[in-house]
Colleague: 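I'd like to ask some things about the structure below.
Each chain gets a letter, A, B and so on, in the order its sequence line appears, and its residues count up from 1.
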Protein chains: 2
Amino acid sequence: MVTINEVAVEAGVSPSTVSRVFSRPEVVNSVTRQRVTEVADRLGYTPNRIARSLAIGKSGNLGLIVPDIANPFFAHLIKAVQVEARQAGLALFIAETDEHRLDEYPLVKAMAKQVDGLVLASPRMSDSQIRELVEIAPIVLINRKLRGVQSVLIPSADGMRQAVDHLAALGHDGCVYLAGPRNSWTNLQRRSAIRGACRRHAMSYTEMGPFEPRFESGVRAADPLIAAGATAVIAYDDVIALGVISRLSEREVRVGREMSVIGVDDSPLAAIACPPLTTVRVPAAKAGAVAVRLLLDLLAGRDANGGLPTELPTDLIVRSTTAPAPAAR
Amino acid sequence: MVTINEVAVEAGVSPSTVSRVFSRPEVVNSVTRQRVTEVADRLGYTPNRIARSLAIGKSGNLGLIVPDIANPFFAHLIKAVQVEARQAGLALFIAETDEHRLDEYPLVKAMAKQVDGLVLASPRMSDSQIRELVEIAPIVLINRKLRGVQSVLIPSADGMRQAVDHLAALGHDGCVYLAGPRNSWTNLQRRSAIRGACRRHAMSYTEMGPFEPRFESGVRAADPLIAAGATAVIAYDDVIALGVISRLSEREVRVGREMSVIGVDDSPLAAIACPPLTTVRVPAAKAGAVAVRLLLDLLAGRDANGGLPTELPTDLIVRSTTAPAPAAR
DNA sequence: ATGAAAGCGCTAACAT
DNA sequence: ATGTTAGCGCTTTCAT
């Protein structure tokens with residue numbers, strides 16, 4: 001491995017000069033700079049980021065923790081974070097908790113030591129654990145609210161309300177909510193928004209779950225749904241909704257006829273599904289991008305947004321899985 | 001930040017002892033160890049991984065480069081790599097090239113310096129660039145073949161042959177291939193397998209493209225397909241296939257009747273689609289897991305698999321988008 | 001504009 | 001079993 005010193009002797013300058021050429025080129029004489037870069041190229045020298053990190057006390061890395069990489073919502077979130085981080089010249093560490101609440105904390109803690117900042121997407125760990133992490137590295141939360149910690153929130157209350165209004169307008173006199181992970185902030189938000197809207201419309205509210213956000217959860221949920229005589233269901237997310245639809249079709253209940261189904265996320269899946277899924281659009285990519293920008297502000301000492309949570313809006317996208325209630329037809 | 005030295009003085013031992021307690025606990029007297037860990041806890045000390053990396057010359061990190069994080073194929077690949085890396089106690093850097101061939105090399109090179117090994121998934125860069133990277137860090141390639149570089153390959157020839165056989169059995173007298181990215185090894189494999197199989201069946205072979213693996217590419221491809229009077233089409237991947245189906249439905253050509261469509265990947269999308277997509281199953285997760293294991297072997301000096309490429313099999317999954325040729329009915 | 005020297009936090013011979 | 005010492009490769013005062 002070729003170091004700064006070898007370049008220095010070869011170019012007939014001191015190590016400091018070589019260092020400057022790579023960190024603050026403008027302060028070194030252009031002809032010296034020229035010579036140094038030329039030698040560096042010839043020797044194939046490139047700075048050792050780790051040594052650099054140790055010296056300046058910053059890693060140039062960001063960390064991102066998500067529950068499930070393959071879930072389309074998080075996949076798009078990751079993508080946006082990656083793009084934004086790169087734009088800022090930062091590399092991205094990524095880790096998945098796989099919805100395993102227990103491993104989450106040690107995992108994140110280990111990562112926190114080697115990054116300049118951390119984005120936690122829908123973390124399941126306790127408030128106090130998050131507080132401890134904040135001591136180690138600047139943190140931005142996505143879909144989790146905690147006093148004194150910067151966050152970007154997608155409350156989805158608007159979208160859920162729109163969803164229930166939509167159902168009410170179609171004449172449904174009740175709806176069931178297929179709940180997501182028990183401790184998820186997002187789930188709590190959705191649940192209470194739906195419940196509130198149902199009350200306002202004098203619709204009955206039933207809850208099933210909790211379900212992990214997987215396709216299989218949805219297929220598992222479908223039969224109880226039929227048994228309960230439901231006519232309308234809102235799932236925690238698109239993935240679950242799609243599972244429901246799949247099983248419903250197998251059971252020969254026509255979705256968008258006998259049963260109305262609404263998902264959340266508007267992942268690409270939703271538009272492709274059959275029938276196309278009515279869903280609440282959630283700005284995943286936007287959330288990721290905003291989170292990174294907040295983190296960057298934090299790192300730069302700009303006090304981002306006055307420490308207030310940034311809230312992103314949601315909206316109902318009506319497609320073909322919702323229809324008038326059978327009784328109302 | 002509390003360092004090893006502060007712990008040392010507080011515990012009345014030398015820094016080396018503290019260091020040992022954290023790296024090779026078994027070599028230090030259990031009572032000293034006890035005292036040190038206790039002090040460390042009290043002071044909230046945790047080792048600085050960056051300093052450690054510099055000292056031992058290894059980072060404990062793996063890097064993964066993918067063209068598109070949100071593509072389900074890569075999403076599942078990433079997930080498997082992440083799981084496998086974590087199991088080995090390694091953190092994972094991830095970067096996306098977004099199918100931008102130009103940025104790819106510098107990006108990867110920067111990452112190569114701070115990881116112990118690299119997995120390149122479907123890289124688009126040139127052979128010589130890859131060769132240069134191999135000088136910097138151990139590398140395992142996925143779906144790219146290069147003499148002297150370890151790789152895991154999914155040639156998909158079997159699957160494509162099965163796909164064409166299937167079409168032939170349904171009475172189609174030709175098929176069109178919606179090609180993927182021009183320089184992609186995978187695309188070349190698929191193309192030649194399809195072409196070969198068509199020749200064997202005396203079927204006509206037509207190619208359109210290249211297309212980036214996106215839904216929109218597929219919708220764009222559909223009209224020319226109709227115009228060309230095609231009865232059967234094999235898309236580079238599921239995502240494109242789904243786009244085709246979507247546009248075909250809009251144009252009111254019934255998929256699985258007038259037109260047969262086959263995808264590749266068997267992403268979750270395929271089963272959910274409408275109608276369910278006939279597709280060639282590609283073991284994305286398996287590929288990721290195997291790649292990490294090969295990399296680990298490389299790092300350990302075990303010469304993995306004799307340096308031979310590991311090949312993973314593919315198989316046709318027949319669902320509902322393929323049907324007898326209209327003429328043959 | 002450049003150089004000398006100290007140090008970032010940890011590890012690894014080598015001694016004891 | 002533990003301490004001493006000398007780095008790992010880079011940055012950064014402080015001089016010049």
Side-chain angles (χ1 to χ4, degrees), chain A residues 1-40 43-61 89 91 110 112-116 136-137, chain B residues 1-40 43-61 89 91 109-116 136-137:
Chain A
M1 161 167 280
V2 32
T3 78
I4 218 172
N5 296 291
E6 307 175 31
V7 177
V9 304
E10 186 75 12
V13 297
S14 80
S16 341
T17 301
V18 180
S19 170
R20 289 190 187 102
V21 168
F22 285 91
S23 30
R24 292 151 56 233
E26 66 282 3
V27 309
V28 19
N29 182 298
S30 70
V31 28
T32 340
R33 191 196 325 149
Q34 183 96 27
R35 185 155 33 95
V36 171
T37 30
E38 192 247 303
V39 172
L43 266 42
Y45 168 81
T46 49
N48 180 324
R49 286 198 56 171
I50 296 187
R52 173 162 222 277
S53 301
L54 182 57
I56 66 179
K58 319 198 299 167
S59 64
N61 300 147
K113 305 285 297 187
Q114 51 187 330
V115 298
D116 294 337
I136 310 183
Chain B
M1 163 167 278
V2 32
T3 78
I4 218 172
N5 296 293
E6 308 175 32
V7 178
V9 303
E10 186 75 11
V13 297
S14 81
S16 349
T17 300
V18 180
S19 170
R20 288 188 190 104
V21 168
F22 284 91
S23 30
R24 293 151 56 230
E26 67 281 4
V27 308
V28 18
N29 182 298
S30 70
V31 28
T32 342
R33 187 191 331 144
Q34 183 95 27
R35 183 155 35 97
V36 171
T37 29
E38 191 247 303
V39 172
L43 267 44
Y45 167 81
T46 50
N48 178 325
R49 287 199 55 173
I50 296 187
R52 173 162 221 275
S53 300
L54 183 58
I56 66 179
K58 320 197 299 168
S59 64
N61 300 148
K109 186 161 183 181
M111 179 180 282
K113 308 281 297 185
Q114 51 187 331
V115 299
D116 295 336
I136 309 182

Colleague: Can you find a side-chain donor-acceptor pair between A/Lys113 and B/Thr46 that sits under 3.5 Å?
Modeller: yes
Colleague: Quick one: NZ on B/Lys58 to CD1 on A/Ile50, what's the gap to the nearest 0.5 Å?
Modeller: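 Atom-to-atom, B/Lys58:NZ and A/Ile50:CD1 are 12.0 Å apart.
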Colleague: Less than 4.5 Å apart, side chain to side chain, heavy atoms only: is that true for A/Thr3 and A/Asn48?
Modeller: no
Colleague: Is any side-chain heavy atom of B/Asn61 closer than 4.5 Å to one of B/Arg49?
Modeller: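 Heavy-atom side-chain distance check passes, below 4.5 Å.
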Colleague: Bend angle of the helix from C/dA1-D/dT16 to C/dT16-D/dA1 from five-pair axes at both ends, rounded to 10°?
Modeller: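 Inter-axis angle at the ends, rounded: 30°.
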Colleague: Taking the side chain as every heavy atom from C-beta outward, state whether B/Arg35 and B/Val21 have any atom pair closer than 4.5 Å.
Modeller: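 Not in contact.
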Colleague: Say you draw a straight line from CG of A/Leu54 to OG of A/Ser59; how long is it, rounded to the nearest 0.5 Å?
Modeller: 11.5 Å
Colleague: Given 3.5 Å as the limit, does a donor-acceptor pair link the side chain of B/Ser23 with the main chain of B/Ser19, or not?
Modeller: yes
Colleague: Show the nearest heavy-atom pair for residues A/Pro15 and A/Asn5, with the distance to one decimal.
Modeller: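 Distance-wise, the nearest heavy atoms are CG-OD1, 3.4 Å.
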Colleague: Have a look at B/Thr32 and say if it touches a base, only the backbone sugar-phosphate, or nothing, with a 4.0 Å heavy-atom cut-off.
Modeller: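 If one applies the 4.0 Å heavy-atom cut-off, B/Thr32 turns out to touch the sugar-phosphate alone, with no base involved.
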Colleague: Got A/Arg33 and A/Val36 here, is their nearest side-chain heavy-atom distance under 4.5 Å?
Modeller: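 A/Arg33 vs A/Val36: side chains apart.
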Colleague: Any chance you could list the contact pattern along nucleotides 8-14 of chain C? Use B for base contacts, S for sugar-phosphate-only contacts and - for none, protein heavy atoms under 4.0 Å, 5' to 3'.
Modeller: BBBBBB-
Colleague: One pair to check against side-chain contact (heavy atoms from CB on, under 4.5 Å): B/Ile136 and B/Lys109. What are the steps and the verdict?
Modeller: CA-CA 8 Å; B/Ile136 309 182; B/Lys109 186 161 183 181; 3.9 Å; yes
Colleague: Tell me, please, the opening and closing nucleotides of DNA chain D, 5' to 3', among those with an atom under 4.0 angstrom from a non-hydrogen atom of chain A.
Modeller: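 Extent of the interface on DNA chain D: D/dG9 to D/dT13.
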